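Here the structure comes first, spelled out in C-alpha cells, and everything after it is commentary.
Here the structure is a predicted model, which means the values were calculated and not measured. Just so you know, these numbers use all the heavy atoms, side chains as well, and skip hydrogens, waters and symmetry mates.
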Amino acid sequence: MNPYAEYAICLLLLIGGAFTLIGAIGLARLPDFFTRLHGPTKATTVGVGAIVISSVIYFSTLGQGIGIEEILITAFLIMTAPISANFLAKSAMHLKVKTTENTRGQPWDQ
C-alpha cells in the first residue's frame, strides 16, 4: 500500500475517532437538551464522515475500486444530520423544553 494513503487513512481515523469521542463526551456531560444536541450532530457529520472516507481510501488502494456505498453513506450523513438536529430543536422549542441557567439565548424568542 502507498505510504501516503496509509498516512491519510491514519489521519482520517484519528480525526474521526477524536470527533466521535468529543461528541460522546458532549452528549454525556452537557447540561440541557439544546446544548446536548450539538455534540452528537458534530460527531456524526465529521467523525463518522472521516471514518467512512478513510474506509473509501483503504479499499480503493487495495484495488477494489471506489465504494459507491460508502460515499453515499457519507453524503447522506452530511445531509441528514443537520436537518434531523434542526427538527429535534424545533420540536423541543414547541414543547418548551427547559434550559439551564447557563444556557445563553432563548431560541424561541427569535
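Follow the hydrophobic side-chain contacts under 4.5 Å out from Ile9 and you reach Phe59 in the same cluster. Hydrophobic cluster membership differs between Tyr7 and Leu62, with clusters built from Ile, Leu, Val, Met, Phe, Trp and Tyr side chains linked at under 4.5 angstrom. Under the 4.5 Å side-chain contact rule for hydrophobic residues, Ile15 and Val48 do not share a cluster. Phe76 and Ile68 fall within the same hydrophobic cluster, defined by Ile, Leu, Val, Met, Phe, Trp and Tyr side-chain heavy atoms under 4.5 Å apart, directly or through other members. Val46 and Met79 fall into different hydrophobic clusters, defined by Ile, Leu, Val, Met, Phe, Trp and Tyr side-chain heavy atoms under 4.5 Å apart, directly or through other members.
The two atoms that bring Ala5 and Thr61 nearest to each other are CB-CG2, 3.6 Å, heavy atoms only. Counting all heavy atoms, side chain and backbone alike, Leu88 lies closest to Phe33 at O-CE2, 3.7 Å. Taking every heavy atom of both residues into account, Leu30 and Thr35 meet most closely at CD1-O, 3.0 Å. When every heavy atom of Ala8 is checked against every heavy atom of Ile57, the shortest pair comes out as CB-CD1, 4.4 Å. Nearest approach of Gly47 to Thr20, heavy atoms of both residues: CA-OG1, 3.8 Å. The nearest pair of heavy atoms linking Gly17 to Ile51 is N-CD1, 4.3 Å.
Side-chain contact between Pro82 and Thr41 is absent, with no heavy atoms from C-beta onward closer than 4.5 Å. Contact of the Met93 side chain with the Phe34 side chain is registered, since non-hydrogen atoms from C-beta on lie closer than 4.5 Å. Between Ile53 and Thr74, the closest side-chain pair of non-hydrogen atoms falls below 4.5 Å.
Here CZ of Phe19 is found 12.5 Å from CG of Leu14. Values are rounded to the nearest 0.5 Å. Summarising the geometry, atom OG belonging to Ser84 is positioned 8.0 Å from atom CG belonging to Leu37; distances are rounded to the nearest 0.5 Å. Rounding to the nearest 0.5 Å places CZ of Phe87 at 11.0 Å from OG1 of Thr80.
With hydrogens and angles ignored, the 3.5 Å screen pairs a side-chain donor or acceptor of Arg36 with a backbone N or O of Pro31.
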